[in-house]
Amino acid sequence: QLQLVESGGGLVEPGGSLLLSCAASGFPFEYYAIGWFRQAPGKDHEGVSCISSSGGITHVADSVKERFTISLDNAKNTVYLQINSLKPEDTGVYYCAASMGLCSEYTLRSYYGMDYVGQGTLVTVSS
């Protein structure tokens, strides 16, 4: 069946790094854009980055551009989000989501319009 499974979250000290993974199965991965969204406690979902499974088009939100890097492994149907120099304000649940078509800046504003969403992985940044 269709699945998006995130992993890699955890508790990390400020300044640390994490590599989040999103493993996709059950749909034609190559026709979809995969986005990473996060939800901080008490706040709405925020799009942080997306990538087109074909062509490698990427977008990263300006607020995290210097620290977040998205990549994909088509052979594994997996998208990664490398997060460096973590800050307490990066705390939240990180979701990956898939939408047919290409990644664009609009994708990052379209959490509720995504076709599929994973269950999320919790990132906590605290000393």
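Heavy-atom basis, side chains included; hydrogens, waters and symmetry copies ignored.
- Separating the CG atom in L72 from the CD1 atom in I51 is a distance of 4.0 Å, to the nearest 0.5 Å.
- The minimum heavy-atom distance between F37 and A97, with the atom names listed, is CE1-CB, 3.9 Å.
- Annotation: side-chain hydrogen bond (donor to acceptor under 3.5 Å, both in side chains) contacts of H45 (sequence neighbours excluded): Q39, Y111, Y112.
- Here SG of C96 is found 9.5 Å from CG of L20. Values are rounded to the nearest 0.5 Å.
- When each of H59, R38, K65 is checked for a side-chain contact (heavy atoms from CB on, under 4.5 Å) with V48, only R38 meets the rule.
- Cluster annotation: V93 and L19 are assigned to distinct hydrophobic clusters (Ile/Leu/Val/Met/Phe/Trp/Tyr, side-chain heavy-atom contacts under 4.5 Å, transitive).
- Under the 3.5 Å distance criterion, with hydrogens and angles disregarded, no donor-acceptor pair is assigned to the side chains of D73 and T78.
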Residue pair E66, S85: steps toward the side chain to side chain contact (heavy atoms under 4.5 Å, CB included) verdict
CA-CA 9 Å; E66 301 299 322; S85 302; over 6 Å; no
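- Of the possible donor and acceptor atoms, one in the side chain of S52 sits under 3.5 Å from a partner among the backbone N and O of C103.
- The local environment of CD in E89 is crowded, with over 12 non-hydrogen atoms from other residues, nucleotides or ligands closer than 6.0 Å.
- A donor-acceptor pair under 3.5 Å links the side-chain atoms of E6 to the main chain of Q119, judged by distance alone.
- In this structure, the side chain of T91 does not engage the main chain of T124 through any donor-acceptor pair within 3.5 Å.
- Atom OH of Y106 is separated from atom SG of C50 by 12.5 Å, given to the nearest 0.5 angstrom.
- To the nearest 0.5 angstrom, L4 atom CG is 9.0 Å from M114 atom CE.
- Listed here is the closest heavy atom pair of I34 and A98: CD1-CB, 3.6 Å.
- One finds the OG atom of S53 at 7.5 Å from the CG atom of N77 (value rounded to the nearest 0.5 Å).
- Closest approach of G92 to P41, counting heavy atoms only: CA-CD, 4.5 Å.
- Of all heavy-atom pairs spanning P14 and S126, the tightest one is CD-C, 3.7 Å.
- Here the straight-line distance linking atom CG of N74 with atom NZ of K76 works out to 12.5 Å at 0.5 Å rounding.
- Exactly one residue among Y95, Y94, W36, Y80 makes a side-chain contact (heavy atoms from CB on, under 4.5 Å) with C22. That residue is W36.
- Clustering ILVMFWY residues whenever any of their side-chain heavy atoms sit less than 4.5 angstrom apart, transitively, puts Y116 in the very cluster that holds Y31.
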Any chance you could lay out the side chain to side chain contact (heavy atoms under 4.5 Å, CB included) test for E13 and V125, step after step, and finish with the verdict?
CA-CA 5 Å; E13 293 186 348; V125 184; over 6 Å; no
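- Tracing side-chain contacts under 4.5 Å through hydrophobic residues (I, L, V, M, F, W, Y), one reaches F68 starting from V12; they form part of the same cluster.
- V64 and L86 fall within the same hydrophobic cluster, defined by Ile, Leu, Val, Met, Phe, Trp and Tyr side-chain heavy atoms under 4.5 Å apart, directly or through other members.
- The minimum heavy-atom distance linking L81 with S49 is given by the pair CD1-CB, 4.1 Å.
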Can Q82 and S17 be said to form a side chain to side chain contact (heavy atoms under 4.5 Å, CB included), step by step?
CA-CA 7 Å; Q82 176 70 45; S17 297; 3.8 Å; yes
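- Within the 4.5 Å cutoff, the side chain of L18 has heavy atoms near those of the V123 side chain.
- Classification of the F27-Y32 ring pair by plane angle, with boundaries at 30° and 60°, yields perpendicular.
- Counting heavy atoms from C-beta on, the side chains of R67 and D90 come closer than 4.5 Å.
- One hydrophobic cluster, built from ILVMFWY side chains closer than 4.5 Å, holds both F29 and I70.
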